[in-house]
Protein chains: 2
Amino acid sequence: MTRLADVARAAGVSMSTASRALSRPDLVASDTRMRVLDAVQRLGFQVNPAARALTSGKTGLLAMCVPTLSNPYFAPIIAGAQQTAEAADRHLTVVVTEGSARREAEVLARVSRQVDGFIIVAPRGGDADLLEFGATTPAVIAERVVPGLASVVIDTPAGLRDLMNVLKADGHRRIAYLSGPAGSWMDALRCDALRDSLGDGGELSVIGPLPPTFRAGVEAVEEILERRATAVVAYNSLLAVGAVYQLRNVGVRVPDDVSVASADDLAALGLGAPEITTLHFDPAALGAAGVDMLVQLIDGREPEVPHVRIPAHLRVRSSEGWAAAEG
Amino acid sequence: MTRLADVARAAGVSMSTASRALSRPDLVASDTRMRVLDAVQRLGFQVNPAARALTSGKTGLLAMCVPTLSNPYFAPIIAGAQQTAEAADRHLTVVVTEGSARREAEVLARVSRQVDGFIIVAPRGGDADLLEFGATTPAVIAERVVPGLASVVIDTPAGLRDLMNVLKADGHRRIAYLSGPAGSWMDALRCDALRDSLGDGGELSVIGPLPPTFRAGVEAVEEILERRATAVVAYNSLLAVGAVYQLRNVGVRVPDDVSVASADDLAALGLGAPEITTLHFDPAALGAAGVDMLVQLIDGREPEVPHVRIPAHLRVRSSEGWAAAEG
DNA sequence: TTGTACGCGTTATCAC
DNA sequence: GTGATAACGCGTACAA
């Protein structure tokens, strides 16, 4: 493998000059820089990341910590993050916590020596633990707000308030919420937004906590019918699709008998049914913003916006309609 | 951060001894080793991966290359791989190629300096490219066989032959195959297995290539009905569930009018409907086997078994039944 | 603007 | 079984 020393020799300069030409181009005369860059091209030189890491203390690796990959929700977030990381000449590594606070802590400790910083998505650990961790390692929180740490979230609650207004206007009073995974910070927020927004004029039945899966949606139908809800809001698309699947399976019409909506939108992944009312947003932007903030933290610049909020827009489709007359 | 030098001093030994006590414990006297390990504990020493990488040439990082994370199929494979990597005291990083051969090549080149080797899952590149790559870097291929490279696959074709026998026994003659992503090596293999196994007594309609999503399953129903198939075999569970969803939605009964089965089993992820006939296998074992083989390659030992095949078992459930009488 | 010299923390190669 | 010592490849004071 060709080393920087080879480049320096080929370009007829010292190693330090060659090094500077790459890392601080503005500090070297333009013709010198060109000779170096030229030699780099010719020899196909690539820095040895280990050597760079040893002197600079930075590995060029960022870690994104997600609860699971079974939920495809995280796929476009990761894609956005990986793309942004590459643009910043870094590599993003994904680590999975399986939704357990203990495993989350283990994993963070395990890789913290290998990476420059973390984007922790929907963390399960307590605020105190996260703050302590963030004090020693650059970290950005996603899909949760921890006071004192940089964070980026989707503004689902605002979208859910819009949705609830539509449901109310359509005459819905008995609404079921298919809630998300136990311990999800976002789930609690969504539930509160729905309850506040529904107000005293209606009744919100919370079903769950539920795993955010198609099958859980299927299995929730029994309880939905028991509660005599005329509208269902699901934590995610898979739950919504599962519910519609099973509702039709048992002869309940959607939306004639029961309206269904989802708080996220996996339709872009082909995992939502085309007719289901959802909240739409740009998950890649979440990942990208997380990486941008993290890179700023690592480089020692304070991020300009320590808390980023990404908007969610209501898309009303045919799975939502007027409330059925009371049975 | 405490360095090995600190440990050596605390234990009253030289650095080289301290180093050996950690990397080749059998080469140091047991009491010396204990003193060193004790100091390691007390001081909370952790090796600096960059320094280790600089001298040893090994980073302790393995890369698993997957086409996408939108398909949750890969989640348990990755989980199994990450777990096995940790057991081997390594970290597994996931890189996504978005199913493009060009991007696959870019990505491999990009991270090849940072990792000790690759597990390339369902690669899109040509055999020649992969062989060339594998010649310079330890690599294991998963979900495809490339002669000359170590590989690990699920034996879906065998399972599909079992399935086809059941379908034939139940009187099905007109069978539709919802095929997978364009360019998928596994998809071609599955299609061939079905065709061979069906033989001349029946007709196989191939619908696709299709993205392996719920929505594509929904949209394939029109063509399924056009072809007057009495049984549908889908490339994956999401396609199967989408098809069932839409079949029922348009008044076609499952399995009375049309039987449906899937060539993989996402039920464990909650992404399959509980009643759908599937092929079941252990995806974590695929990831684990891949990592095991890769670690052997990296350590310079030839893997004992260069080609691993993981069995797939047919699970007949209520989405399959006797063929409807010809309409 | 450029060159010299040293340090980063660990492993490997020798001697002992 | 153990201890000096020399790499590993790059960044960066500091001096020129």
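Excluded from the calculations below are hydrogen atoms, water molecules and symmetry mates; all remaining heavy atoms, backbone and side chain alike, are included. Numbers restart at 1 for each chain; the letters A, B, ... are given by sequence-line order, proteins then strands.
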Tell me which donor-acceptor pairs under 3.5 Å the side chains of residues 115-141 of chain A have, and how far apart each pair is, sequence neighbours excluded?
from, atom 1, to, atom 2, distance (Å)
A:Asp116, OD1, A:Thr59, N, 2.7
A:Asp116, OD1, A:Thr59, OG1, 3.1
A:Asp116, OD2, A:Thr59, N, 3.4
A:Asp116, OD2, A:Gly60, N, 2.8
A:Arg124, NH1, A:Ala122, O, 3.4
A:Asp127, OD1, A:Arg144, NH2, 2.7
A:Thr136, OG1, A:Phe133, O, 3.1

**Study point:** Counterpart residues, side chain to side chain donor-acceptor pair (under 3.5 Å), relative to B:Glu143 (two or more places apart)
**Key:** B:Tyr73
Study note, to complete from the structure: In short, the helix from C:dT1-D:dA16 to C:dC16-D:dG1 is bent end to end, axes from five pairs each side, to 10°, by 30°
Check your understanding: Pairs in or reaching into residues 5-24 of chain A: which pass ring-ring contact (aromatic ring centres under 6.0 Å, His included), with residues at least two apart or in two chains?
Key -> none
Point to revise | Distance in Å, B:Arg24 CZ paired with B:Ser19 OG, rounded so as to fall on 0.5 Å steps | key: 8.0 Å
Practice item. Kindly write out the residues that satisfy salt bridge (Lys or Arg N to Asp or Glu O under 4.0 Å) with B:Arg20, not counting sequence neighbours, or none if the list is empty. Key: none
Revision key, fill the gap. Bounded by its outermost nucleotides with an atom under 4.0 Å from a heavy atom of chain B, the footprint on DNA chain C reads C:dG9 to C:dA12
What's touching nucleotides 9-16 of chain D from the protein side, N or O pairs under 3.5 Å?
from, atom 1, to, atom 2, distance (Å)
D:dC10, OP2, A:Leu4, N, 2.5
D:dG11, OP1, A:Arg52, NH1, 3.0
D:dG11, OP2, A:Ser19, OG, 2.8
D:dG11, O4', A:Thr55, OG1, 3.1
D:dT12, OP2, A:Arg24, NH2, 3.1

Review point. With B:Arg110, which residues qualify under side chain to side chain donor-acceptor pair (under 3.5 Å), at least two apart?
Key: none
Check your understanding: Sequence neighbours excluded, which residues qualify as salt bridge (Lys or Arg N to Asp or Glu O under 4.0 Å) partners of B:Arg52?
Key -> none
Exercise for review: Scan for side-chain hydrogen bond (donor to acceptor under 3.5 Å, both in side chains) pairs involving residues 28-45 of chain B, sequence neighbours excluded, and state none if there are none.
Suggested key: B:Asp38-B:Arg42
Check your understanding: Who passes salt bridge (Lys or Arg N to Asp or Glu O under 4.0 Å) against A:Arg113, sequence neighbours left out?
Key -> none
Revision key, fill the gap. The salt bridge (Lys or Arg N to Asp or Glu O under 4.0 Å) partners of A:Asp299 (sequence neighbours excluded) come to A:Arg90, A:Arg301
